[in-house]
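Here the structure is laid out as structure tokens; the discussion comes afterwards.
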Number of protein chains: 2
Amino acid sequence: MIRVLLADDEHLIRGALAQMLELEDDLTVVAQAATGDEALAACRREAPDVAVLDLQMPGLDGLEVAERIHREQPGVACMIVTSHGRPGHLKRALAVGVRGFLPKTTSAVTLAEVVRTVHTGGRHVDPELAAEAIAAGDTPLTPREADVLEAAADGAPVDRVAGRVHLSPGTVRNYLSTAAAKLGAANRHEAVATARRMGWIS
Amino acid sequence: MIRVLLADDEHLIRGALAQMLELEDDLTVVAQAATGDEALAACRREAPDVAVLDLQMPGLDGLEVAERIHREQPGVACMIVTSHGRPGHLKRALAVGVRGFLPKTTSAVTLAEVVRTVHTGGRHVDPELAAEAIAAGDTPLTPREADVLEAAADGAPVDRVAGRVHLSPGTVRNYLSTAAAKLGAANRHEAVATARRMGWIS
DNA sequence: ACTCCGACATGACAGATGTCATCGCGGGTC
DNA sequence: GACCCGCGATGACATCTGTCATGTCGGAGT
């Protein structure tokens, strides 16, 4: 019997998913969590075989949870389920030791199968997402550029961004300028949009 | 037996939800749809008692589908289920004749109950969302301001926005300026962010 | 008829932003 | 040691934006 931890902030979805997994003879949901922190706590307590994590959750997101679980309990196989599958997320997930990555558009049978796959040590990523990730390539941004772009993501004026990242306004402008150029955007706001779409910034 | 139409682009969720609703003795899912257009077609074909619509779907979104269903088949009770419950969406939904509005964070039993409620002619909106909607109030933007702001939502420079809405660049700047002022934003990009948060633009 | 308001436009000006050249510092690499 | 590259900074310049004053036009109310 494969013991599954289920984390998703949407109660309705989580409940429905749990019911569905319980329907499988060889699966049992031993814990549910609505936030990243809950998921982590539940994982320590129950030591499940597989952790099914939603990407976007309040508090720690699925990727951060997966990272910590992977460090603390390497025996627990993590997999990510998400509505918005950005290429960058997949890369980060794999880097962090995630063994399964599925969009919520996949069918129920696939989910159960993937749970079994990762439990036996295998990996599975959605083919379409994988293709996108390959097509998108790696981020062209330096770490600092990504930081600054993210700090500018809410549309705040340069000065405020500069305060957030503790840089001079001029430096911020330079970073944003090069970032926008690398992303082929006309200004930083477009740059933010494309970087978001690619999953290069949160 | 209450006949339910279920529309959600996330296959996993839709399937799980369907199973869950089928578990109720007095409910049966007669059709499922992954897009707005499919939902509309299925609704015409099956004439269900209740249509459960996700807000964000490819093609027509839940609100547009609800509007058309309400016009074409007033006998079909529409309800919206969504992950991101913005205050503005709720207002628009009620204006369009939607009878139930729930975030996906609600529990499964609530969903079933609300399906029954709207079927008997009642209404149900999530109390928390209702409170937010009241607190948020109506959009301060004129229709045209909202249009222009939405056209500027992806961060495009003024000229491009002007092209999209067939206006002179100067006029666009004026609209964006007044919109930003009304929303208390430092620039149009912040204005876009707050308008999005409130559900005043898609 | 008169008034108000929203849609649309123009012109002008200040301040914010994008761009570029240039600099120093430190960590790798050949 | 020489070199490249990323990080951080400055200054100058051109352009883009935000703001305001001002005007026209048509529809809705009174």
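Each chain gets a letter, A, B and so on, in the order the sequences are listed, and its residues count up from 1. Computed from a predicted model, the values in this text were never measured in an experiment.
Within the 4.5 Å cutoff, the side chain of H124(A) has heavy atoms near those of the L102(A) side chain. Side-chain contact between E22(B) and T28(B) is present, with heavy atoms from C-beta onward closer than 4.5 Å. Side-chain contact between K182(A) and T142(A): present, with at least one pair of heavy atoms (C-beta onward) separated by less than 4.5 Å.
The ring pair (Phe, Tyr, Trp, His ring centres under 6.0 Å) test applied to H189(A) returns H189(B), not counting sequence neighbours.
Note: CG (L149(B)) to P (dA7(C)) measures 13 Å, nearest angstrom. Here the P atom of nucleotide dA7(C) and the CG atom of L141(B) are 10 Å apart, to the nearest Å.
Remark: side-chain polar atoms of R188(A) are not paired, donor with acceptor, to backbone N or O of A180(A) under 3.5 angstrom. Under the 3.5 Å distance criterion, the side-chain polar atoms of R86(A) are left unmatched by any main-chain donor or acceptor of W200(A). Not a single donor-acceptor pair under 3.5 Å links the side chain of E64(A) to the backbone N or O of L60(A). Of the possible polar contacts, none joining the E145(B) side chain to the L141(B) backbone as a donor-acceptor pair under 3.5 Å is found. D159(A) contributes no side-chain N or O that, together with a main-chain N or O of P169(A), makes up a donor-acceptor pair within less than 3.5 Å.
In terms of phosphate contacts, T142(A) brings no side-chain nitrogen or oxygen within less than 4.0 Å of OP1 or OP2 of dC5(D).
The residue from L53(B), V114(B), T106(B), L111(B) that alone fulfils the side-chain contact (heavy atoms from CB on, under 4.5 Å) condition with V81(B) is L111(B).
Salt-bridge formation is detected for the pair D54(B)/K104(B): a Lys NZ or Arg NE/NH1/NH2 atom is positioned less than 4.0 Å from an Asp or Glu carboxylate oxygen. Salt bridge D154(B)/R160(B): absent, no basic N to carboxylate O contact under 4.0 Å.
Within residues 173-183 of chain A, the residues having any heavy atom under 4.0 Å from DNA chain C are, by residue number, R173(A), N174(A), S177(A). Within residues 151-172 of chain A, the residues that have a heavy atom under 4.0 Å from DNA chain D are, in order of number, L167(A), S168(A), G170(A), T171(A). Near DNA chain C, meaning a heavy atom under 4.0 Å from it, residues 185-202 of chain A has N187(A), R188(A) in order of number.
Across its full length, the helix from dA1(C)-dT30(D) to dC30(C)-dG1(D) shows an angle of 30° between the axes of its 5 terminal pairs at either end, rounded to 10 degrees.
Each ring-ring contact (aromatic ring centres under 6.0 Å, His included) pair with one or both residues in residues 61-110 of chain B, not counting sequence neighbours, would appear here, but there are none.
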